[in-house]
**Q** 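One structure, pasted below without further comment.
Just so it is clear, the values below take in all heavy atoms, side chains as well, and ignore hydrogens, waters and symmetry mates. Only a predicted model underlies this, so the values are computations on that prediction, with no experimental measurement involved.
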Amino acid sequence: QVHLVESGGGSVQAGGSLRLSCAASGYRYSFGCMAWFRQAPGKEREGVATIYTYSGTTYYANSVKGRFTISQDNAKNTLYLQMNSLKPEDTAMYYCAAGLFVPGCTVRAPTETGFGYWGQGTQVTVSS
């Protein structure tokens, strides 16, 4: 069975950094699109960043552009999200998602469409 296991969340003061990881396993083929979503209490799930795994092309939400970096390892089985200059508004549960084909993977803000696999989430808390 496919599993996405996230790690790296925690508590940090504003201006600090965290690096999230998502280890994918249990699927025979490579995922075409992987993404990070987040959801704050009382808010809808928001697409943060995506990567098209075949080319490495990325997309970032305006709220995190210039501060967050999505990347993958050479084997394309682990996804990362480097988060710098964290702000209190970044506080949320962060989820890793993967799909074989996701329309508009890196050309527009990601939605849940095409993402068939999800991690359990890892909490990020940023204090002022």
Side-chain angles (χ1 to χ4, degrees):
Q1 293 184 339
V2 173
H3 286 91
L4 301 178
V5 181
E6 296 141 314
S7 61
S11 298
V12 66
Q13 290 198 95
S17 299
L18 286 172
R19 190 192 194 198
L20 307 184
S21 298
C22 172
S25 64
Y27 194 72
R28 187 172 183 178
Y29 306 98
S30 298
F31 295 107
C33 186
M34 299 191 75
W36 289 97
F37 290 78
R38 68 185 181 186
Q39 187 168 24
K43 305 287 186 178
E44 292 189 357
R45 195 179 304 172
E46 171 193 18
V48 175
T50 57
I51 184 167
Y52 187 61
T53 64
Y54 298 114
S55 65
T57 304
T58 58
Y59 175 89
Y60 297 95
N62 288 333
S63 60
V64 306
K65 191 176 299 181
R67 300 187 298 118
F68 290 11
T69 303
I70 187 172
S71 62
Q72 60 189 354
D73 68 6
N74 291 331
K76 296 183 173 62
N77 64 343
T78 302
L79 183 72
Y80 303 97
L81 184 68
Q82 179 66 47
M83 304 184 294
N84 298 325
S85 301
L86 283 162
K87 305 174 181 179
E89 50 263 45
D90 294 319
T91 296
M93 185 73 73
Y94 283 72
Y95 298 91
C96 172
L100 293 175
F101 178 73
V102 179
C105 178
T106 60
V107 299
R108 59 176 178 265
T111 68
E112 294 184 23
T113 303
F115 292 102
Y117 308 99
W118 294 81
Q120 80 288 348
T122 185
Q123 178 67 40
V124 172
T125 302
V126 184
S127 62
S128 59

**Q** Which donor-acceptor pairs under 3.5 Å do side chains of residues 90-103 form with protein atoms, sequence neighbours excluded?
**A**
| residue | atom | partner | partner atom | Å |
| --- | --- | --- | --- | --- |
| D90 | OD1 | R38 | NH1 | 2.9 |
| D90 | OD1 | R67 | NH2 | 3.0 |
| D90 | OD2 | R67 | NH1 | 2.8 |
| D90 | OD2 | R67 | NH2 | 3.4 |
| D90 | OD2 | K87 | N | 2.8 |
| T91 | OG1 | P88 | O | 2.9 |
| T91 | OG1 | V126 | N | 2.9 |
| T91 | OG1 | V126 | O | 3.3 |
| Y94 | OH | R38 | NH1 | 2.9 |
| Y94 | OH | D90 | O | 2.7 |

**Q** So which pairs with a foot in residues 91-107 pass salt bridge (charged side-chain N to carboxylate O under 4.0 Å, His left out), sequence neighbours left out?
**A** none
**Q** Tell me, which pairs form a salt bridge (charged side-chain N to carboxylate O under 4.0 Å, His left out) where one or both residues lie in residues 115-127, sequence neighbours left out?
**A** none
**Q** How far apart are the closest heavy atoms of I70 and T58, and which atoms are they?
**A** CG2-CG2, 3.6 Å
**Q** Tell me which pairs pass salt bridge (charged side-chain N to carboxylate O under 4.0 Å, His left out) where either residue lies in residues 50-60, with sequence neighbours left out.
**A** none
**Q** Can you get from V48 to V12 by hopping between Ile, Leu, Val, Met, Phe, Trp and Tyr side chains that sit under 4.5 Å apart?
**A** yes
**Q** Would you list the atom pairs, donor with acceptor, under 3.5 Å between side chains in residues 14-23 and any protein atom, with sequence neighbours excluded?
**A**
| residue | atom | partner | partner atom | Å |
| --- | --- | --- | --- | --- |
| S17 | OG | N84 | OD1 | 2.9 |

**Q** Is there a continuous path of hydrophobic side-chain contacts, each under 4.5 Å between heavy atoms, that joins V2 to I51?
**A** yes
**Q** Kindly state whether the ring of Y52 and the ring of Y59 have centres lying under 6.0 angstrom apart.
**A** no
**Q** Enumerate the residue pairs fulfilling salt bridge (charged side-chain N to carboxylate O under 4.0 Å, His left out) with a member in residues 112-123, sequence neighbours excluded, ordered by first and then second residue.
**A** R45-E112
**Q** Do you know which two heavy atoms are closest between H3 and Q1, and how far apart they sit?
**A** ND1-O, 3.2 Å
**Q** Flag the pair W36 / F68 as yes when their ring centroid distance falls below 6.0 Å, and as no otherwise.
**A** no
**Q** Between Q72 (side chain only) and T53 (backbone N and O only), is there a donor and an acceptor less than 3.5 Å apart?
**A** yes
**Q** C105 and T50: which non-hydrogen atoms are nearest, and at how many Å?
**A** O-OG1, 2.5 Å
**Q** Can you tell me if E6 uses its side chain to pair, donor with acceptor, with the backbone of G121 under 3.5 Å?
**A** yes
